[in-house]
Amino acid sequence: MASLFALVDCNSFYASCERVFRPDLQSRPVVVLSNNDGCIIARSAEAKALGIPMGAPYFKHRNMLRRNGVAVFSSNYALYGDLSARVMNVLGRFSPRMEVYSIDEAFLELSGMPGGAERHARRLRATVLRWTGIPVSVGLGSTRTLAKIANRFAKQQERCRGVFDLDNSLRPELVLNSMPVRDIWGIGRRHARRLEAHGVHTALDFRNMDRNWVKRRMGVTGLHTLLELRGISCFGWERNPGMRKSILSSRSFGRPVECFAQMREAVACHAERVAEKLRRQGSVASGVTVFVETNRFAPGLPQYANSGFAAVHPATLHTPTVLGAALSLLERLFREGYQYKKCGVMLSGLEQEQGRWLSLLDPVPGDHCEQSRLMRAVDGINERWGRDTVRFAASGLERVWTMRQDMRSPRYTSAWAELPVVRAG
DNA sequence: TCTGGGGTCCTAGGACCC
DNA sequence: TCTGGGGTCCTAGGACCC
């Protein structure tokens with residue numbers, strides 16, 4: 001049987017999370033800021049209606065937000081991650097096949113549902129709202145790209161009440177014609193501009209384009225998008241991602257960093273974090289990259305950005321090994337006399353820890369086992385007693401460079417000290 | 001004073017091989 | 001005047017996603 005894809009997408013996810021434990025915010029506009037309180041990265045419907053753009057720098061809009069009584073939050077990933085897991089858990093009950101696509105989206109296979117896919121989707125939507133407090137929209141289509149379009153339509157059209165089935169629509173052309181080409185999944189700003197200059201303005205225009213032109217100008221990715229709009233599925237279930245191929249930890253500093261000692265702490269901190277993430281997905285890494293950069297939004301100041309790569313052999317999951325590689329890279333990269341804004345550590349060349357490739361020249365596997373056991377013990381303690389209970393001295397105690405987060409809500413669901421309190425009477 | 005932090009895939013071009 | 005043809009691997013950079 002042909003696939004029927006459902007894309008389930010949480011409405012204004014971060015803003016909705018903030019509302020779950022704050023019913024008083026139900027009809028107030030809400031925005032959530034990126035790390036360091038830099039940009040606006042989530043807006044409730046009311047905030048969108050005020051014309052607040054996605055990704056706008058917070059400091060440029062602060063007064064306007066205050067004037068309009070907008071509730072502003074620093075991002076609280078502990079809360080969003082936990083609520084996301086709850087939503088995904090509920091979704092899993094509604095289909096034998098599901099792929100979590102991002103923190104707030106999942107694809108589900110909904111072909112052959114008794115009573116029809118749309119009814120099933122409406123039940124799903126009501127259940128997620130009742131059990132988690134998060135409103136979602138559902139789009140149905142015969143390909144992922146069409147499901148994305150259906151989802152967008154469901155959000156835009158009040159009369160859809162959160163669910164739209166493009167596959168069962170009487171006039172799918174009308175829907176495609178109402179969708180600007182820049183809103184198609186897989187067509188970004190660059191390609192959208194070129195297409196518009198070429199007289200292609202809607203998803204319908206794009207669907208009717210010459211496939212050779214598209215292939216030539218937009219590569220196979222563009223061609224796949226075109227075919228998906230025509231109902232030919234190019235992104236099926238088999239390419240199910242699962243394991244990451246690279247892992248990054250990076251942050252902007254709360255204030256500029258100039259001295260090597262502080263930069264060293266920050267890099268060490270990212271090295272620890274990134275090795276932790278690596279172990280969580282059961283991998284080992286054979287490459288470490290470190291990068292540093294100054295503030296590119298301050299062109300008046302001296303600019304410097306650089307990165308360095310080191311191969312690690314044999315592939316490792318051992319924090320001290322990653323840490324050592326990262327710190328010696330930093331010594332080569334660091335230059336005095338700059339105000340640094342950001343740094344990060346990336347791991348690449350990832351393989352599964354189990355069944356990885358071994359060489360005759362490698363040190364005895366016993367080393368690896370011992371390191372692996374040690375790191376698991378450390379991870380176990382930190383999981384149980386909280387992040388950084390056991391940590392490496394190199395990552396510092398003071399950490400004056402950490403980000404600003406002045407308006408974070410409590411971690412209602414993941415920290416004992418911050419549970420919501422219910423008062424009687 | 002203040003502009004996020006993750007990821008993926010594809011392509012072109014160079015080095016190298018037979 | 002003429003200067004093969006095919007392949008692999010790697011890397012940097014572009015484009016896209018949330």
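Order of the sequence lines sets the chain letters (A, B, ...), proteins ahead of strands, with each chain counted from 1.
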Within less than 4.0 Å of OP1 or OP2 of B:dT8, is there a side-chain N or O belonging to A:S246?
yes
For C:dC16 and A:T221 - does any side-chain N or O of the residue sit under 4.0 Å from the phosphate oxygens OP1/OP2?
no
Looking at B:dG6, I'd like to know if its phosphate oxygens (OP1 or OP2) sit under 4.0 Å from a side-chain N or O belonging to A:K277.
yes
Of the nucleotides B:dG6, B:dC9, C:dA15, which one has an atom closest to the side chain of A:H191?
C:dA15
Once you apply the 3.5 Å cut-off to both distances, tell me the Watson-Crick or G-U wobble partner of C:dC18, or none.
B:dG5
Within less than 4.0 Å of OP1 or OP2 of C:dC17, is there a side-chain N or O belonging to A:K148?
no
Given 3.5 Å as the limit, does a donor-acceptor pair link the side chain of A:S84 with the main chain of A:Y80, or not?
no
On the side chain of A:R190, is there an atom forming a donor-acceptor pair with the base of C:dC16 - under 3.5 Å, no angle test?
no
Please determine, for the side chain of A:R404, which listed nucleotide (C:dC18, B:dT8, B:dC2) has the closest atom?
B:dC2
With rounding to the closest Å, how many angstrom separate the C1' atoms on B:dC17 and C:dG4?
14 Å
Considering only B:dT8, C:dC16, B:dC2, which nucleotide approaches the side chain of A:R62 most closely?
B:dC2
Side-chain N or O of A:R251 less than 4.0 angstrom from OP1 or OP2 on B:dG6?
yes
Assign A:I103 to base, sugar-phosphate, or nothing according to its heavy-atom contacts below 4.0 angstrom with the strands shown.
nothing
Take a 6.0 Å sphere around CZ of A:R190 and say whether it holds more than 12 heavy atoms from other residues, nucleotides or ligands.
no
Under 4.0 Å from OP1 or OP2 of B:dT3: is there any side-chain N or O of A:K341 that close?
yes
Among the candidates B:dG5, C:dC17, B:dT3, find the nucleotide nearest to the side-chain atoms of A:Y101.
C:dC17
Side-chain N,O (A:S250) to OP1/OP2 (B:dG6) below 4.0 Å:
yes
Mind checking if A:F297 touches a base, just sugar-phosphate, or nothing, with heavy atoms under 4.0 Å?
base
Can you confirm whether the side chains of A:S27 and A:E46 place a donor and an acceptor under 3.5 Å from each other?
no
What about A:F291 and A:F309, are their ring centers closer than 6.0 Å?
no
Under 3.5 Å, is there a donor-acceptor pair between the side chain of A:R408 and the main chain of A:S74?
no
